[in-house]
Trainee: 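Sharing a structure with you now.
Predicted model, so just to flag it, every value in this text is computed and none were measured. Chain naming here is simple, since letters A, B, ... match the order of the sequence lines and numbering starts at 1 in each.
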There are 2 protein chains.
Amino acid sequence: MLKSEAIISGQPKASTKQAIERAALSLFAERGYPAVSMREIAERVGIRQGGIYNHFGSKQALLVHLMEGHMRALLVALDASVPKGGNPRERLAQFVRFHVLYHLAQPDDVFIAYMELRSLEADGLARLKELRRAYEERLRRILEAGQRLGVFAITDVPVQAMGLIAMLTGVTTWYRDGSRLSREAVAEIYVTMVMRSLGVEETPTM
Amino acid sequence: MLKSEAIISGQPKASTKQAIERAALSLFAERGYPAVSMREIAERVGIRQGGIYNHFGSKQALLVHLMEGHMRALLVALDASVPKGGNPRERLAQFVRFHVLYHLAQPDDVFIAYMELRSLEADGLARLKELRRAYEERLRRILEAGQRLGVFAITDVPVQAMGLIAMLTGVTTWYRDGSRLSREAVAEIYVTMVMRSLGVEETPTM
DNA sequence: CCACTGCATGAACGATCATTCATTAGCGCA
DNA sequence: TGCGCTAATGAATGATCGTTCATGCAGTGG
């Protein structure tokens, strides 16, 4: 077979490895890691089952690769969007916008990273838990800063942080592109809800 | 084998059918439907694999039975806890308390009902989606009532309803019994967050 | 005391699973 | 033109999957 044809349709420049990542990502997100077979992934890529093992050592390694790659990219993007210092209100609003928009842009990655922790074996699980903790820590830091300055009505930082993240992440379960509201409009609704839940009435703009 | 011994340990009065339900529930919640085999379920119950088919026609039928049973019980319990009429603020607070406490009391049922929709075949899926919609509708009704009376700061009822349910349901992902806060204390924190997110400052008591 | 019923058994079914591997094809580079 | 490497093949591995079924036992009602 011509090598240049072993490519997912519509993505003529993708390497096989990238095509495997893309195929596995959407299949895992759609039906869950245990329900997806290596044969299905290979079929979507356009190669035979054995070919995947030229790029990934095992199905588990493929999952870990996807999850870890996503979480690292998420942290990098967050730190680029939400500057370390500054007004806690603005940082929080920015955190919410970032979280909602990133999650709507990459719903498959997000879904896998949050749902397939249970499919991980010990090594990968420990690494992923740490990355997840680091992300949540970013929000806790913002809440604590606002608490110190007295601009947020905080009852309990850890509980509220987990509650807010759950609320924001949940947007992926119901939002569909092309619906009544734009992604940005949805993000602003969430900003308002989050701000109000912390006793902040007016929403800071960008 | 003595029939009276074919029983899950610690549950001496349970019928085999109930034991299968319990075993399947916790295994599905822990590792996901596709990752659990009928052999594992039977092993936990203390019977052989074939025995399950004396009580359920298939693995899929077992899943549908669990999910549908949970959702119907949830709706009945909700309607018993949150009266149809009355003050929207009190009804909402009661909805939040109910949702949080029920979810903390039955985390496995809840988790399966929300996560295993994708494992359902067409028939069961349609029925479960309708039950889920009915539950969410209860919250939308409360928000609409409050909007009509002008006691809630509503931007968008459907979006806020989904956001609130996601926030509340997320409690199961982090709360563990025996931790710093009691279930009731956590529920009250959520009540406060929800109320604030709707512009209601003081929390109505029960 | 017998017949009936309900339920557990345990072996077997074909299908599918993740993974391995010897083989080979095609590419870049000399 | 030919060498060497990367990667795709396709068959085979043993394990495990959901499900079926003939068999037999235990408890119940007549």
Side-chain angles (χ1 to χ4, degrees), chain A residues 1-9 11-25 27-28 30-66 116 118-121 123-124, chain B residues 1-9 11-25 27-28 30-66 116 118-121 123-124:
Chain A
M1 170 180 280
L2 294 176
K3 178 188 176 186
S4 59
E5 297 302 321
I7 268 173
I8 198 167
S9 66
Q11 297 286 351
K13 305 202 63 173
S15 74
T16 301
K17 181 165 182 172
Q18 288 171 326
I20 292 170
E21 290 170 8
R22 262 195 290 270
L25 189 72
L27 284 169
F28 288 166
E30 188 184 332
R31 307 218 308 281
Y33 173 81
V36 174
S37 73
M38 296 298 263
R39 279 177 174 84
E40 285 175 287
I41 297 169
E43 193 175 345
R44 181 168 297 197
V45 173
I47 60 175
R48 305 298 147 251
Q49 48 182 337
I52 296 178
Y53 292 86
N54 291 320
H55 303 278
F56 297 98
S58 67
K59 187 184 179 188
Q60 175 77 198
L62 174 53
L63 176 64
V64 171
H65 174 81
L66 291 175
E116 299 294 356
R118 64 183 174 189
S119 297
L120 290 174
E121 291 157 15
D123 295 1
Chain B
M1 170 182 281
L2 294 177
K3 177 188 174 187
S4 58
E5 297 302 319
I7 267 171
I8 198 169
S9 67
Q11 298 286 351
K13 303 203 62 175
S15 73
T16 300
K17 181 164 183 173
Q18 287 172 327
I20 292 170
E21 290 171 8
R22 264 195 289 270
L25 188 73
L27 284 169
F28 288 166
E30 189 184 332
R31 307 218 308 281
Y33 172 81
V36 173
S37 71
M38 297 296 265
R39 282 172 173 83
E40 285 176 286
I41 297 169
E43 192 175 345
R44 182 167 294 198
V45 173
I47 60 176
R48 304 300 145 246
Q49 47 181 336
I52 296 178
Y53 292 86
N54 290 319
H55 302 279
F56 297 97
S58 68
K59 188 185 179 187
Q60 174 77 198
L62 175 53
L63 176 64
V64 171
H65 174 82
L66 290 176
E116 298 295 355
R118 65 184 173 188
S119 297
L120 289 174
E121 292 158 14
D123 295 1

Trainee: Taking the minimum atom-to-atom distance to the side chain of I47(B), which one of dT19(C), dC17(D), dA8(C) wins?
Mentor: dA8(C)
Trainee: How long is the gap from CG on L62(A) to NZ on K17(A), to the nearest 0.5 Å?
Mentor: 9.5 Å
Trainee: Using whole Å, report how far OH of Y53(B) lies from C1' of dA11(C).
Mentor: 15 Å
Trainee: Return whichever of R39(A) or G57(A) has its heavy-atom-nearest nucleotide of DNA chain C closer to the 5' end.
Mentor: R39(A)
Trainee: Rounded to whole angstroms, how far apart are CD on Q60(B) and P on dT19(D)?
Mentor: 9 Å
Trainee: CD1 of I41(A) versus C1' of dT16(C): gap in Å, rounded?
Mentor: 15 Å
Trainee: Among dG10(D), dT19(C), dT9(C), find the nucleotide with the atom closest to the side chain of R48(B).
Mentor: dT9(C)
Trainee: Go through it in stages, so that I can follow the logic: the residues are R44(B) and E40(B), the test is side-chain contact (heavy atoms from CB on, under 4.5 Å), and I'd like the CA-CA distance, side-chain angles, deciding distance and then a yes or no.
Mentor: CA-CA 6 Å; R44(B) 182 167 294 198; E40(B) 285 176 286; over 6 Å; no
Trainee: If each of I52(A) and A35(B) is mapped to the nucleotide of DNA chain D with the nearest heavy atom, which maps nearer the 5' terminus, i.e. the 5' end?
Mentor: I52(A)
Trainee: Between E40(A) and G51(B), which is nearer to the 5' end of DNA chain C once each is assigned its nearest nucleotide?
Mentor: G51(B)
Trainee: Whether S37(A) contacts dC17(C) is assessed here as follows: a side-chain N or O lying under 4.0 Å from the phosphate OP1 or OP2. Is that the case?
Mentor: yes
Trainee: Whole angstroms only, please: what is the CZ-P distance between R31(B) and dT16(D)?
Mentor: 13 Å
Trainee: Is there a donor-acceptor pair under 3.5 Å between the side chain of E116(B) and the backbone N or O of L63(B)?
Mentor: no
Trainee: Please pick, from dG18(D), dA18(C), dA7(D), the nucleotide with the shortest atom-to-atom distance to any side-chain atom of M38(A).
Mentor: dA18(C)
Trainee: So, is T16(A) near the phosphate of dA8(D), with a side-chain N or O under 4.0 Å from OP1 or OP2?
Mentor: yes
Trainee: I'd like to know if the side chain of Y33(B) and the backbone of Q60(B) have a donor-acceptor N/O pair within less than 3.5 Å.
Mentor: yes
Trainee: To the side chain of H55(A), which of dT19(D), dC17(C), dA7(D) is closest?
Mentor: dA7(D)
Trainee: Picking from dT9(C), dT19(C), dC17(D), which would you name as closest to the side chain of N54(B)?
Mentor: dT9(C)
Trainee: Round to the nearest Å and state the distance from E43(A) atom CD to dC17(C) atom P.
Mentor: 10 Å
Trainee: Search all heavy atoms of L66(B) against all heavy atoms of L25(B) and return the closest pair with its distance.
Mentor: CD1-N, 3.9 Å
Trainee: Which of these nucleotides, dA8(C), dC17(C), dT19(C), is closest to any side-chain atom of Q49(A)?
Mentor: dT19(C)
